[in-house]
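When a ligand or atom number is given, it counts from 1 through the structure's own listing order. Hydrogens, waters and symmetry mates play no part in the numbers below; they use all other heavy atoms, side chains included.
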Amino acid sequence: MGRFYITTPIYYANDAPHVGSAYTTVNADAMARWHRLVGDETKFLTGTDEHGQKVADAAAKNHMTPQDWTALKSEQFKEAWETLNISFDDFIRTSEPRHYLTVQKFLTAIYENGYIFKDVYKGLYCVSCEDYYAIETSVEGKCPIHARDLIEMEEENWFFRLSAFEERLEQHYAKHPGFVTPETKRNEALSFIKGGLRDISITRTSISWGVPVPWDEAHVFYVWYDALINYLTAIGYGSDHDEVAKWWPSSHHLIGKEISRFHCVWWPAMCMAAGIEPVSHVQVHGWLLLGGQKLGKTMVADGAVKLTDIAPVELTNEFGVDPLRYYLLRETSLGNDGEFSHEGITQRYNTDLANNLGNLVARVATVVASKCGGDGPRPKVDSTLRPHAEVAVSETAAAWNDFSPQRALEATWGLIGATNAYLEERAPWKMESGDLLDAVMGDALEAIRLVAILATPAMPRTCEEIWLRIGLAGTPSDEVFGASTTWGQYAATSPIVKGDPLFPRMKSDA
Ligand code: ME8
């Protein structure tokens with residue numbers, strides 16, 4: 001049994017959640033569920049990033065205090081995640097006292113180690129990114145990500161001596177080849193480091209909504225500097241229930257590619273400066289796009305899309321929770337960008353879920369209920385389906401372990417396809433009741449049992465439903481993976497239930 005600590009970025013509490021934030025959260029959830037399924041001690045953290053100019057502006061615009069505003073917004077995130085059946089173990093809000101304590105302890109350690117100094121900062125700032133841009137990286141004076149005007153800022157700030165960590169970061173990357181995946185993102189981060197690092201301003205006096213700097217109360221920490229530390233707050237860094245030694249060596253940050261510089265360059269350097277090891281792994285993913293652009297709240301604000309078209313709760317009303325989860329995990333390989341569309345979800349739904357999985361469960365249940373006396377027969381030890389099942393189990397497991405939900409689901413759906421083909425060839429619906437028919441149906445039921453275990457991280461409720469329908473007790477998550485996934489264990493404890501279609505077909509113009 002291993003350990004697995006997975007985190008999502010903490011989402012800005014300036015607006016409502018959307019399908020882009022759901023993308024990361026569903027992926028992290030599926031990975032957490034996979035690790036729980038294989039028996040790993042697992043901790044899954046998500047939360048909201050509540051400080052900074054952007055959140056303070058949103059609160060002011062809505063005539064609320066930042067405290068009341070962020071309380072409201074963090075509830076909206078929690079509600080969305082509950083709707084999507086997200087199994088987080090902890091939800092952190094950066095305005096919580098436990099986070100203030102950790103931030104102040106962690107940054108005081110860096111200060112005392114001599115890596116923080118005072119200087120004047122002048123530069124162009126994007127409030128949407130909460131980040132400075134050099135003139136060269138701006139696009140005609142606008143932010144390259146949000147295409148918004150950059151604001152000129154000049155402040156006396158405390159700085160972090162990032163430049164002192166170039167060599168140590170390079171050494172860390174060399175020593176830990178899997179530190180950042182996929183490799184393209186690792187190479188990008190590494191070449192950024194090799195290009196030379198500039199010291200960074202880490203405090204602000206222009207706003208008061210932030211964590212106060214303990215050695216200079218006129219300043220608050222810059223939002224990114226407090227935000228990154230959330231990953232340590234949740235495991236009790238510096239508190240009397242400190243579990244850093246327990247979780248940090250098995251820690252994984254799942255993040256979108258636009259925040260990789262913060263996580264793959266600044267964050268490991270901050271950890272080194274504070275005297276702790278960096279996080280063990282950063283998994284970078286690509287973007288959901290709409291019309292080729294990064295889908296997000298800025299698009300809603302600019303009127304390019306309605307929030308209801310990209311709000312997770314609206315989408316689950318339209319497609320169902322598990323179909324949306326499936327689509328987000330299956331459609332694009334983690335690391336690449338992918339175009340998001342209602343047509344795309346409908347197509348996946350009709351093909352993979354209604355035609356392949358739903359149809360398999362329905363046809364097996366119908367034949368067993370009408371021709372096998374209702375109870376599912378046992379599988380054959382030497383079934384021709386067995387090698388397909390063995391490949392599916394090992395490839396699905398390898399892919400989940402490798403942070404590749406798309407490949408995992410492809411492998412699981414390979415077994416669904418093989419089982420449908422097996423049934424087509426034998427046409428049990430035309431066979432007479434008897435041993436021959438029982439043998440075919442036992443094999444198909446065993447394949448369905450295995451699919452229900454393998455697809456659990458992606459579609460937990462559907463898999464529980466399938467489990468019940470094929471007459472098994474408990475849930476697929478009660479099983480001990482490995483022991484439960486060897487061929488031949490299907491043994492019903494109750495009669496097969498036909499039930500309504502799991503995925504009624506949708507009109508393709510839905
Ligand atoms: O950046 N496609 O918060 P944020 C895929 N608070 N993922 C997307 C996406 C899209 N179109 N849009 C958003 C912040 N995401 C900081 C993080 S962490 C210490 C601080 C996901 O609300 C993706 O994971 O802007 C991205 O990195 C994150 O939401 C950004 O969320």
Query raised in the report: Which residue pairs pass the salt bridge (charged side-chain N to carboxylate O under 4.0 Å, His left out) test when at least one of the two sits in residues 96-115, sequence neighbours left out?
Result: Asp90-Arg98, Glu96-Arg98

Query raised in the report: Is the closest side-chain donor-acceptor distance between Ser163 and Asp199 under 3.5 Å?
Result: yes

Query raised in the report: Going by distance alone, is a donor N or O of one side chain under 3.5 Å from an acceptor N or O of the other, for His263 and Tyr231?
Result: yes

Query raised in the report: Any chance CD of Gln406 has more than 12 other-residue heavy atoms, nucleotides or ligands included, within less than 6.0 Å?
Result: yes

Query raised in the report: With a distance cut-off below 6.0 Å to the six-membered ring centre and an angular limit of 45° from the axis, does Arg186 pair with Tyr173 as a cation-pi contact?
Result: no

Report task. For ligand 1, list the protein residues that place a heavy atom within a distance below 4.0 Å of one of its atoms, sorted by chain and number. Result -> Pro9, Ile10, Tyr11, Tyr12, His18, Gly20, Tyr23, Thr24, Asp49, Trp224, Ala227, Leu228, Asn230, Tyr231, Gly256, Glu258, Ile259, His263, His285, Gly286, Trp287, Leu288, Lys294, Leu295, Lys297

Report task. Return the orientation label for the Tyr132 and Tyr125 ring planes: parallel under 30°, perpendicular over 60°, tilted otherwise. Result -> perpendicular

